[in-house]
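Okay, structure first, notes after.
So you know, we letter chains A, B, ... as the sequences are listed, proteins then strands, and number each from 1.
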There are 2 protein chains.
Amino acid sequence: MSTVLEATPPPVNGIHSIHSAAECTQSAQAVQDALYVLSGKWKLPIIVALSTGPRRFGELQRLVSGITAKVLSKELKELEMNEFAVRRVYATMPVTVEYELTAYSQSLNSIIEALRDWGIQHRARILGKSKSVD
Amino acid sequence: MSTVLEATPPPVNGIHSIHSAAECTQSAQAVQDALYVLSGKWKLPIIVALSTGPRRFGELQRLVSGITAKVLSKELKELEMNEFAVRRVYATMPVTVEYELTAYSQSLNSIIEALRDWGIQHRARILGKSKSVD
DNA sequence: GTAAGCACTATACTAAAGGATACCACTATA
DNA sequence: TATAGTGGTATCCTTTAGTATAGTGCTTAC
């Protein structure tokens with residue numbers, strides 16, 4: 001409640017338990033690594049769209065609202081490179097292409113859940129504020 | 001047709017347990033909300049740098065290696081706006097300015113930890129691959 | 001009186017992300 | 001013949017993120 005100005009030893013837990021400069025740098029690096037592969041507006045939405053099963057290109061474009069073919073194509077390539085998704089081509093006429101999440105993509109679950117939970121409560125908080133301020 | 005598209009019973013758990021299109025959209029939105037406030041190269045590294053206690057502008061710039069004053073200034077304003085940090089000005093001569101994390105910033109802990117843990121294992125995985133491929 | 005540190009701001013630039021539109025080869029339908 | 005759908009690519013453009021460099025007003029130290 002009160003603004004504590006002086007040297008308050010932090011109520012240490014979680015990320016705050018790191019202490020050395022080296023660990024700090026390593027943490028920052030790891031966080032940046034993770035954010036790097038998830039960067040951009042679209043990767044997580046695409047992963048979420050794929051989370052219910054394999055999808056074709058056109059389906060994905062309709063599912064992820066607002067994305068253009070060019071961007072979807074680029075993002076899918078990056079997801080493939082990072083081994084979050086696989087691309088399967090079927091020799092039908094015309095060709096059918098399916099994208100599916102890999103087992104490795106499951107390792108992102110805790111990140112996605114953390115982001116989703118936080119996003120939900122943050123949105124509620126913002127809406128609550130604007131109401132009470134207004 | 002060799003393509004088996006329908007009735008994929010998802011190997012449900014975690015994020016994969018969502019099922020309706022609406023929930024899917026809401027999840028995607030929440031994830032995007034969260035990523036939005038954490039966007040860019042610098043916000044998390046700055047938060048990590050502040051996690052050990054209040055820092056002055058110059059200290060921060062040295063701590064977050066590679067950041068310019070302009071970008072640091074901009075990022076700090078955004079962190080303030082999102083109520084992740086507070087800016088305190090002391091009427092010393094010349095003025096001293098300190099930045100400190102808020103209690104609300106603690107709510108990001110699970111995200112940061114998830115990103116950090118994932119980043120660490122991902123880096124290890126990449127390095128392992130390049131070694132065995134090399 | 002000059003340099004260095006404080007916390008920035010201003011201006012100008014490059015690079016990357018993303019959007020808009022058009023197009024490719026192919027097939028099925030009307 | 002025209003239209004729509006398949007899975008994209010090519011080109012151009014705008015917006016945003018980030019970099020580089022310089023400068024502000026103030027102080028203390030040499």
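Atom-to-atom, CG of Leu72(B) to C1' of dA7(C) comes out at 10 Å; the value is rounded to the nearest Å. What separates NZ of Lys77(A) from P of dG18(C) is a distance of 15 Å, to the nearest Å. Summarising the geometry, the separation between CG on Leu60(A) and P on dG8(D) is reported as 10 Å, rounded to the nearest angstrom. Atom-to-atom, CD1 of Ile67(B) to C1' of dT19(D) comes out at 11 Å; the value is rounded to the nearest Å. For the pair Leu35(B) CG and dG18(C) P, the computed distance is 11 Å after rounding to whole Å. Here the C1' atom of nucleotide dG5(C) and the CZ atom of Phe57(B) are 13 Å apart, to the nearest Å. Taking atom CD of residue Glu75(A) and atom P of nucleotide dG7(D), one finds them 18 Å apart after rounding to whole Å. Going from atom CD1 of Ile46(A) over to atom C1' of dA17(C) covers 13 Å, rounded to whole Å.
Using a 4.0 Å cut-off, some side-chain N or O of Ser73(A) falls inside it from OP1 or OP2 of dT9(D). An OP1 or OP2 oxygen of dG8(D) is reached within less than 4.0 angstrom by a side-chain nitrogen or oxygen of Tyr99(A). Between Lys74(A) and the phosphate of dG7(D), there is no side-chain N or O to OP1/OP2 separation shorter than 4.0 Å.
In this structure, of dG19(C), dC26(C), dA17(C), it is dG19(C) that holds the atom nearest to the side chain of Val71(A). Residue Pro94(A) places its side chain closer to dT6(D) than to any other of dG8(D), dT6(D), dC6(C). Considering only the side chain of Trp42(B), dG18(D) comes nearest among dG18(C), dA7(C), dG18(D). Nearest to the side chain of Lys41(B), among dG8(D), dT19(D), dG19(C), sits dT19(D).
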* Please step through side-chain contact (heavy atoms from CB on, under 4.5 Å) for the pair Ile111(B) and Ile111(A), ending with a clear verdict. => CA-CA 6 Å; Ile111(B) 291 178; Ile111(A) 291 178; over 6 Å; no

Next item on the list: Evaluate the criterion side-chain contact (heavy atoms from CB on, under 4.5 Å) for residue pair Trp42(A) and Leu79(A); output intermediate values, then yes/no.
Entry: CA-CA 11 Å; Trp42(A) 301 112; Leu79(A) 291 178; over 6 Å; no

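The base of dT9(D) lies outside donor-acceptor range of the side chain of Lys70(A), with no N or O pair under 3.5 Å.
Judged by closest nucleotide on DNA chain C, Gly58(B) is the one of Lys43(A) and Gly58(B) placed further toward the 5' end. Nucleotides of DNA chain C nearest to Gln61(B) and Gly66(A) differ in position, and the one nearer the 5' end is that of Gln61(B).
Remark: dT9(D) base-pairs with dA22(C); criterion is Watson-Crick or G-U wobble with both hydrogen-bond distances under 3.5 Å.
Side-chain atoms of Thr96(B) never come within 3.5 Å of backbone atoms of Tyr90(B) as a donor-acceptor pair (strictly under, hydrogens ignored).
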Donor-acceptor contacts, no H, no angles, side chain residues 60-71 of chain A, under 3.5 Å, sequence neighbours left out:
from: Thr68(A); atom 1: OG1; to: Val71(A); atom 2: N; distance (Å): 3.4

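Among the heavy atoms of the strands, none lies under 4.0 Å from Glu59(B).
By the neighbour-count criterion of 12 heavy atoms within 6.0 Å, atom OH of Tyr36(B) is sparsely surrounded, having that number or fewer from other residues, nucleotides or ligands.
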